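Atoms within each ligand, like the ligands themselves, are counted from 1 in listed order. Owing to the predicted nature of the structure, the values given are computational and were not obtained by experimental measurement.
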Amino acid sequence: MLGLMMNEPLRIAGLLEHAAKWHSDTEIVSRLPEGGLHRYTYAAAHQRSRQLANALTALGVSTGDRVGTLAWNTHRHFELYYGISGLGAVCHTINPRLFFEQLVYIINHAQDRLLFFDLTFLPLVEKLAPQCPTVESWVLMTGRAHLPEASPLPNLRCYEELLAAQPADYEWPVFDENTASSLCYTSGTTDQPKGVLYSHRSTLLHSYAASLPDCFNCSARDVVLPVVPMFHVNAWGIPYMAPLNGCKLVLPGPGLDAASLYELYEQEGVTFTAGVPTIWFGLLTFMREKNRQFSTLRQMIVGGASCPPALLKAFHDELGVVIRHAWGMSETSPLGTVCTLKSQQLSLSPDEQFVIQTKQGRSIFGIDMKIVDDAGNALPHDGVAFGDLLVRGPFVVREYFGADQPGGLTSSGWFRTGDVATIDPAGFMQITDRSKDVIKSGGEWISSIELENLAIGHPAIAEAAVIGVPHPKWSERPLLVVVRKPNATISKEELLAYYDGKVARWWVPEAVEFVDQLPHTATGKLLKTKLRQDFAEYTW
Ligand code: ADP
């Protein structure tokens, strides 16, 4: 027997329609790549998104077509999120930090028909165009005044002119909620990038999940500033979560330096923000040097890469912000776990609570997870056993877009994350490594992340990486590679002695190397494949 409730498909356009109707005068503020701040309301954003949908239709875009974006977090990018997906086409956000060859690969693989880009990326786009034959038009996201006089780009169009030529009387079409809505390629540190194709249904369910009290916990009284880019994993779903809850949205554009962010936090009364550890380290340094405090910021999320406990502690203790650690990936839309305490843990000492808060957190509703050994057997949730982390749920990838050999990715019913983790009896997951980074010493696993976090906790160390290097007796031993802070002095022996009593004796790195900088991926994560190549000839 089927239920007797209305069968209204979940659609992304519905989020903006809701905000325009019930939060019509709530603001969206953006810093523009052309300079200056732009300010309007959800009602105006809805109107312009419908003009955009008309413009896209006039350019021949229809259901299933891929439309690319190379853009910062701005109101125009927000309109593209809704205009493209709303008409049933696929909003393909492209990460401009990827290497040139990866960008060419991604645009061709997705077969983007149009490509919208910010002024900042004009030189890049002019180089890309000759290698991207599927792109029929390139649309510069600005007004006529900023359009170049001459450009080699075929069919260069002006965003504001496209919109101005269209009425706002567009009815969002109704279609199956499983229709594809947006596309994001993973950074591809070892392989070619892989496309994750989200649906309207997965996006809406993820938006509800992101809104929960133990997740982002944002309401119509919040002012939300995503530092996480809209060009990678939909800025962790914030451009959808904000209209769902009627939050004021502040979009920082290209201004991701600490001073620009701080100015927006204070000026716009921001209460919630989200970003990766690197950005928060920059902000922390700025706050300390300038001796500043936040007047409205109450909560921040840190995730996307391993977060040193020292960072969590500093924001909490020195700046009075509730900082929540979160884990996820493109393939999980991206939220998987968020770390908030349960009531049973409130009676623990502050130090015991802090140990829990450094973990990646508990699974949110919509993500089931387990850890398994090499043979695929489930491992206990004792906080000690670590194994491959597997996830499943309605906003987890089933298949990559245009996969060469479809069918194998989730044949077991689970998606293999490539992360190695522990889960404790209370359900808190902790990432110990990427599976390809794990160090096997004498048949036992050593967590490179834990060793890195400890090194970064030392006042003389700016950045640290630990890799496994072949060893005649133990098969592999950990090598610590660090960047010292400017003017800091510390010897190798002092640094190794710092591990005493903090980890098991056999976990202590075998040796230390000082370097000027560490290699990073396009998204700012440590590029350990490169580091392993650099130290391939290393002898103990
Ligand atoms: P890619 O860089 O491949 O595009 P994502 O941006 O989706 O991938 O990043 C996903 C990966 O980032 C995760 O699988 C995990 O290894 C790492 N990651 C994300 N959040 C955290 C976290 N809080 N702690 C440790 N690692 C994290």
Contact check, Ala305 vs ligand 1, heavy-atom distance below 4.0 Å: yes
For Tyr81, the option from Tyr198, Tyr240, Phe231 that meets ring-ring contact (aromatic ring centres under 6.0 Å, His included): Tyr240
Sub-4.0 Å atoms of ligand 1 with respect to non-hydrogen atoms of Gln360: 22 (C), 23 (N), 24 (N), 25 (C)
Any donor-acceptor N or O pair under 3.5 Å, side chains Trp72, Thr120: yes
Ligand 1 contacted by Gly328 (non-hydrogen, < 4.0 Å): yes
Distance filter under 4.0 Å to Arg434 heavy atoms, resulting ligand 1 atoms: 11 (C), 13 (C), 14 (O), 15 (C), 16 (O)
Thr186: numbered ligand 1 atoms lying under 4.0 Å from its heavy atoms: 3 (O), 4 (O)
For Trp327, the ligand 1 atoms whose distance to one of its heavy atoms is below 4.0 Å: 13 (C), 15 (C), 18 (N), 19 (C), 20 (N), 21 (C), 23 (N), 27 (C)
Numbered atoms of ligand 1 (with element) below 4.0 Å of Ala326, judged on heavy atoms: 20 (N), 22 (C), 23 (N)
Trp414 vs Val396 side-chain heavy atoms within contact, under 4.5 Å: no
Ile449 N/O to ligand 1 N/O under 3.5 Å: no
Option among Asp433, Val420, Ile371 that satisfies the side-chain contact (heavy atoms from CB on, under 4.5 Å) test with Phe386: Val420
Numbered atoms and elements of ligand 1 in range of Ser306, under 4.0 angstrom, heavy atoms: 24 (N), 25 (C), 26 (N)
Axial cation check for Phe428 ring with Lys359, 6.0 Å and 45° limits: no
Ring centre gap for Phe116 and His77 strictly below 6.0 Å: no
Contact check, side chains of Tyr82 and Ile12, non-hydrogen atoms, under 4.5 Å: yes
Between Glu513 and Tyr538, a side-chain donor and acceptor under 3.5 Å: yes
Winner among His232, Gln430, Met329 once heavy atoms are compared against atom 10 (C) of ligand 1: Met329
Proximity flag Asp419 to ligand 1, non-hydrogen atoms under 4.0 Å: yes
